[in-house]
Amino acid sequence: MSRGLCALGAAVAVAGVVAGTSPAAAAAGPRFLSAAEMPPHASSAWTAGPVTAGQPDPLPMCVGEALPSISVHRAFHTEYDTNALQVTVVERNEQRAKDFAALLRKNLEGCSKKLMQENPDVTATQKYYGKLNVEEGAHVYGVHTEATTGSSDINMLSVGRDGTTVTLVKWGQMGNFAHAQVADFKATTLKAVKKLY
């Protein structure tokens with residue numbers, strides 16, 4: 001994935017931890033995906049980074065500005081240009097979590113339009129892949145970006161909720177919608193929401 005669009009395509013899952021909490025303390029919160037639970041790569045194993053308190057850097061496309069400082073995240077990568085991210089946020093009550101999940105979904109629904117407004121050299125298209133029946137539900141989206149430089153990237157993103165906890169998962173690589181591992185990404189999303197608690 002190109003450097004610029006890789007920054008756009010970082011992924012998110014949300015877990016409420018007090019700002020400044022150490023990664024070890026963050027790990028005591030909701031559980032995160034493991035490398036083995038990522039969509040399978042044809043020729044490379046996944047590597048999982050540490051569970052880290054705070055917002056991911058770079059912020060993920062379209063939803064990054066909405067992520068609070070209490071976010072907790074974990075980044076994943078292969079030996080090739082395939083990457084993934086989970087960001088988790090634990091809210092004070094279920095209504096706040098419901099509202100936050102709705103905000104993330106709203107941002108993703110307008111993602112392609114926002115990307116093109118902010119990056120005149122990028123053409124973006126997106127698809128909605130539906131709602132998954134897990135806990136309080138998870139919604140799955142795909143976003144394809146193509147730059148005038150010739151780079152073409154496909155990203156899959158999902159937002160799921162279990163009670164007061166919201167998690168966002170992102171997967172991305174070079175390619176287009178034909179290269180989107182939709183079924184595998186849905187399976188990863190189901191695991192992400194189920195294993196939060």
Side-chain angles (χ1 to χ4, degrees), residues 1-14 33 37-42 46 56 58-67 73 75-78 80-88 98 100-162 166-194:
M1 182 177 294
S2 62
R3 295 288 180 189
L5 292 178
C6 183
L8 290 173
V12 224
V14 211
L33 289 164
E37 292 169 317
M38 287 290 110
H41 191 281
W46 283 93
L59 292 171
M61 58 162 49
C62 299
V63 294
E65 294 175 0
L67 297 176
H73 65 277
F76 305 82
H77 69 274
T78 68
Y80 299 94
D81 288 330
T82 308
N83 62 79
L85 175 71
Q86 183 180 7
V87 181
T88 300
K98 184 176 180 180
F100 180 62
L103 173 62
L104 294 181
R105 292 197 306 270
K106 180 180 178 181
N107 288 351
L108 287 175
E109 287 162 5
C111 188
S112 61
K113 182 177 179 181
K114 180 178 181 180
L115 289 176
M116 289 189 289
Q117 288 175 341
E118 295 179 349
N119 305 275
D121 63 330
V122 169
T123 299
T125 53
Q126 66 183 82
K127 293 182 180 181
Y128 174 60
Y129 289 102
K131 181 180 180 180
L132 303 180
N133 184 22
V134 56
E135 300 303 338
E136 276 68 61
H139 298 260
V140 180
Y141 305 82
V143 180
H144 173 240
T145 53
E146 190 168 6
T148 55
T149 56
S151 64
S152 178
D153 300 303
I154 181 66
N155 286 278
M156 299 288 297
L157 301 104
S158 62
V159 178
R161 183 173 68 88
D162 181 359
V166 178
T167 193
L168 186 142
V169 182
K170 174 264 175 191
W171 167 95
Q173 67 174 23
M174 293 188 295
N176 54 38
F177 284 113
H179 304 99
Q181 294 178 234
V182 179
D184 292 330
F185 183 75
K186 285 184 174 181
T188 293
T189 296
L190 288 171
K191 292 173 185 174
V193 179
K194 285 178 180 178

Closest heavy-atom pair and its distance - [X], [Y]:
X    : Y    : value
P40  : Q181 : O-NE2, 3.0 Å
A124 : S112 : O-CB, 3.6 Å
M116 : T123 : SD-CA, 3.9 Å
G137 : K131 : CA-CE, 3.9 Å
F76  : L33  : CZ-O, 3.5 Å

Original post:
Is it true that the side chains of Q86 and T167 contain a donor and an acceptor less than 3.5 Å apart?
Top reply: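 Side chains of Q86 and T167: pair found under 3.5 Å.
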**OP:** Using distance alone, with no hydrogens and no angle criterion, decide if S152 and H144 have a side-chain donor and acceptor under 3.5 Å apart.
**Re:**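 Distance-only check passes for S152 and H144.
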Original post:
Does F177 have K127 sitting over its ring (NZ/CZ under 6.0 Å from centre, angle to axis within 45°)?
Top reply: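 Positive - K127 is close enough to the ring of F177 and near enough to its axis.
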Taking side chain as C-beta onward, heavy atoms only, is [X] less than 4.5 Å from [Y]?
X    : Y    : result
N176 : I154 : no
W171 : D184 : no
V169 : L157 : no
V140 : F185 : yes
E136 : D162 : yes
M61  : L115 : yes
Q173 : D81  : no

Original post:
Got a sec: does the NZ of K114 have more than 12 other heavy atoms crowding it under 6.0 Å?
Top reply: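 Buried by this count: over 12 neighbours within 6.0 Å.
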Check whether [X] reaches the backbone of [Y] with its side chain - one donor and one acceptor, N or O, closer than 3.5 Å.
X    : Y    : result
Q126 : E109 : yes
S158 : T189 : no
K191 : M38  : no
W46  : P39  : yes

Subject >> Whether Y80 and H41 hold their rings parallel, tilted or perpendicular, with breakpoints at 30° and 60° >> reply: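 Because their plane-to-plane angle is under 30°, the rings of Y80 and H41 count as parallel.
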Original post:
How are the rings of Y141 and Y128 set relative to one another: parallel (under 30°), tilted (30 to 60°) or perpendicular (over 60°)?
Top reply: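 Tilted: the ring planes of Y141 and Y128 meet at 30° to 60°.
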Original post:
Hey, mind stepping through K194 and V134 against side-chain contact (heavy atoms from CB on, under 4.5 Å) and telling me if it holds?
Top reply: CA-CA 7 Å; K194 285 178 180 178; V134 56; 3.5 Å; yes
Original post:
Could you give all pairs that pass the disulfide (SG to SG under 2.5 Å) test and reach residues 107-147, with sequence neighbours left out?
Top reply: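 Non-adjacent pairs meeting disulfide (SG to SG under 2.5 Å): C62-C111.
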Subject >> Inter-residue atom distance L67.CG - L104.CG, 0.5 Å rounding >> reply: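 Going from the CG atom of L67 to the CG atom of L104 covers 6.5 Å.
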**OP:** Just jot down the side chain to side chain donor-acceptor pair (under 3.5 Å) partners of D121, sequence neighbours excluded, or say none.
**Re:**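 So D121 forms no side chain to side chain donor-acceptor pair (under 3.5 Å) with any residue.
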